[in-house]
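Excluded from the calculations below are hydrogen atoms, water molecules and symmetry mates; all remaining heavy atoms, backbone and side chain alike, are included. In the text below, chain A, chain B and the rest are named by the order of the sequence lines, each starting its count at 1.
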Protein chains: 2
Amino acid sequence: MPTLEPTTLRASLKQNRRKLTRARQAVLDILATADRHLTPAEIYRRAKATHPHLGLTTVYRTLDLLAELGYIQRVHTSDGCHSYAPSAHTHGHQLICAVCGRTEEFSDCDLAKLIQTLQRKTGFEINVHMLELVGRCPSCQTKRGARRK
Amino acid sequence: MPTLEPTTLRASLKQNRRKLTRARQAVLDILATADRHLTPAEIYRRAKATHPHLGLTTVYRTLDLLAELGYIQRVHTSDGCHSYAPSAHTHGHQLICAVCGRTEEFSDCDLAKLIQTLQRKTGFEINVHMLELVGRCPSCQTKRGARRK
DNA sequence: GTACTTGCAAATTATTTGCACACAC
DNA sequence: GTGTGTGCAAATAATTTGCAAGTAC
């Protein structure tokens, strides 16, 4: 996964006249090594371990920035859209475990045909799509078959 | 669109030992006749016209309820997930205009194959999916080709 | 009549802003 | 050195809760 390569990130930042700072590195590190989606507050708490001076404000600002650059992705669950997951910095979608929050990214969504049909039918010009799949990851399936809700 | 049939709604509510009240009717009416997605605050403002006593709290509660029953649907845009659009009370997805917010619902998303492949590859058991397409509606395409951002 | 609902005020939570100081390049 | 970032405190916005009174059935 190219997510973590500091070189790539630094380059992206430079393009926008932005800098690679400790705070940004810390936030991205947390997400990149997390196997589930996290809220700003959770990221803040975790990142403070390696960067005690970190402010929550900075986390918010950093999340916006990283999302804009495509290094992380907002995850939309039924209880809100304020969690973030790492992203491979390309067109990607998330497969989310409803039980533990674990995410997997995938990119071959193959919606071309659907999009074409809908464009013809509705006259819309479609240029962005968001797709998320939700279910239970292998390990949450076995854990006493616990079904959420 | 079955959205508006008060009989259907009343029945759904009854099933859950809920009542069909003026407030709920007012909120649903606003959404059903809106051609774009609206935030709780917008819905509140509009619904007050026909139901001046309405409280914002009730709008929040009603939106939750109607969403749960499938009569409306949360819309997730890049700037948040706090808007709602009418829904045909079946499995459905939204096609959203990024310029004016207009929404169209569609249901034939045909993701079965993709889901099957991913289940095999990842071991996840997938049971929910959310799909949204974003673009420009016909009328926003002609309006001085204004492209958002 | 009863249980579910409402609207208000207040509390809570989430997010943004302004600004002096600090740091990456 | 310069311009971008940061962290703090404070402001704002969004959402939720408790509760007495109201209303659908």
K.L.:
Only one of A:E105, A:H129, A:Q73 forms a side chain to side chain donor-acceptor pair (under 3.5 Å) with A:H93, so which one is it?
P.N.:
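Of all the options given, the one that passes is A:H129.
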
K.L.:
Whole Å only: how far is the CZ atom of B:R24 from the C1' atom of C:dC4?
P.N.:
8 Å

K.L.:
Side chains of B:R74 and B:H76, heavy atoms from C-beta outward: is any pair under 4.5 Å?
P.N.:
yes

K.L.:
In whole angstrom, give the distance that lies between atom CG of B:D64 and atom P of C:dT5.
P.N.:
13 Å

K.L.:
State, yes or no, whether a side-chain contact exists between A:L9 and A:L20 at a heavy-atom distance under 4.5 Å.
P.N.:
yes

K.L.:
Any side-chain heavy atom of B:T103 sitting closer than 4.5 Å to one from B:R36?
P.N.:
no

K.L.:
Where along residues 43-61 of chain B does a heavy atom fall under 4.0 Å from DNA chain C?
P.N.:
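Close to the strand are B:H51, B:H53, B:L54, B:G55, B:T57, B:T58, B:R61.
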
K.L.:
Closer than 4.0 Å, any side-chain N/O of A:R10 to the OP1 or OP2 of C:dC25?
P.N.:
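For C:dC25, OP1/OP2 do have a side-chain N/O of A:R10 under 4.0 Å.
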
K.L.:
Any luck finding a side-chain donor-acceptor pair between B:S12 and B:Y71 under 3.5 Å?
P.N.:
yes

K.L.:
Does B:R18 place a side-chain N or O at less than 4.0 Å from the phosphate oxygens OP1/OP2 of C:dC4?
P.N.:
no

K.L.:
Would you say B:C100 and B:S139 make side-chain contact, with heavy atoms under 4.5 Å?
P.N.:
no

K.L.:
To the nearest 10 degrees, how far apart in direction are the end axes of the helix from C:dG1-D:dC25 to C:dC25-D:dG1, each fit to five base pairs?
P.N.:
50°

K.L.:
Looking at OG of B:S87 and CD1 of B:I72, how far apart are the two atoms once the value is rounded to the nearest 0.5 Å?
P.N.:
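Interatomic distance, B:S87 OG to B:I72 CD1, rounded to 0.5 Å: 9.0 Å.
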
K.L.:
Under 4.5 Å side-chain heavy-atom separation, chaining through any Ile, Leu, Val, Met, Phe, Trp or Tyr, what else clusters with B:L114? Say none if it is isolated.
P.N.:
A:L95, A:F106, A:L111, A:L114, A:I115, A:L118, A:F124, A:I126, A:L131, A:L133, B:L95, B:F106, B:L111, B:I115, B:L118, B:F124, B:I126, B:L131, B:L133

K.L.:
Residues in side chain to side chain donor-acceptor pair (under 3.5 Å) with A:K48, at least two apart?
P.N.:
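For A:K48, the residues satisfying side chain to side chain donor-acceptor pair (under 3.5 Å) (neighbours in sequence not counted) are A:Y44.
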
K.L.:
Show every donor-acceptor pair shorter than 3.5 Å between a side-chain atom in residues 50-64 of chain B and any protein atom, with sequence neighbours excluded, or say none if there are none.
P.N.:
{"residue": "B:T50", "atom": "OG1", "partner": "B:A47", "partner atom": "O", "Å": "3.3"}
{"residue": "B:T62", "atom": "OG1", "partner": "B:T58", "partner atom": "O", "Å": "2.7"}

K.L.:
Is the closest side-chain heavy-atom distance between B:V134 and B:T77 below 4.5 Å?
P.N.:
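When only atoms from C-beta onward are counted, B:T77 and B:V134 do not touch, as no gap falls below 4.5 Å.
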
K.L.:
Closest nucleotide of DNA chain C for A:R22 versus for A:H82: which of these residues is on the 5' side?
P.N.:
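The residue whose closest nucleotide sits nearer the 5' end is A:H82.
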
K.L.:
First and last nucleotide of DNA chain D touching chain B, 5' to 3', heavy-atom cut-off 4.0 Å?
P.N.:
D:dA14 to D:dC25

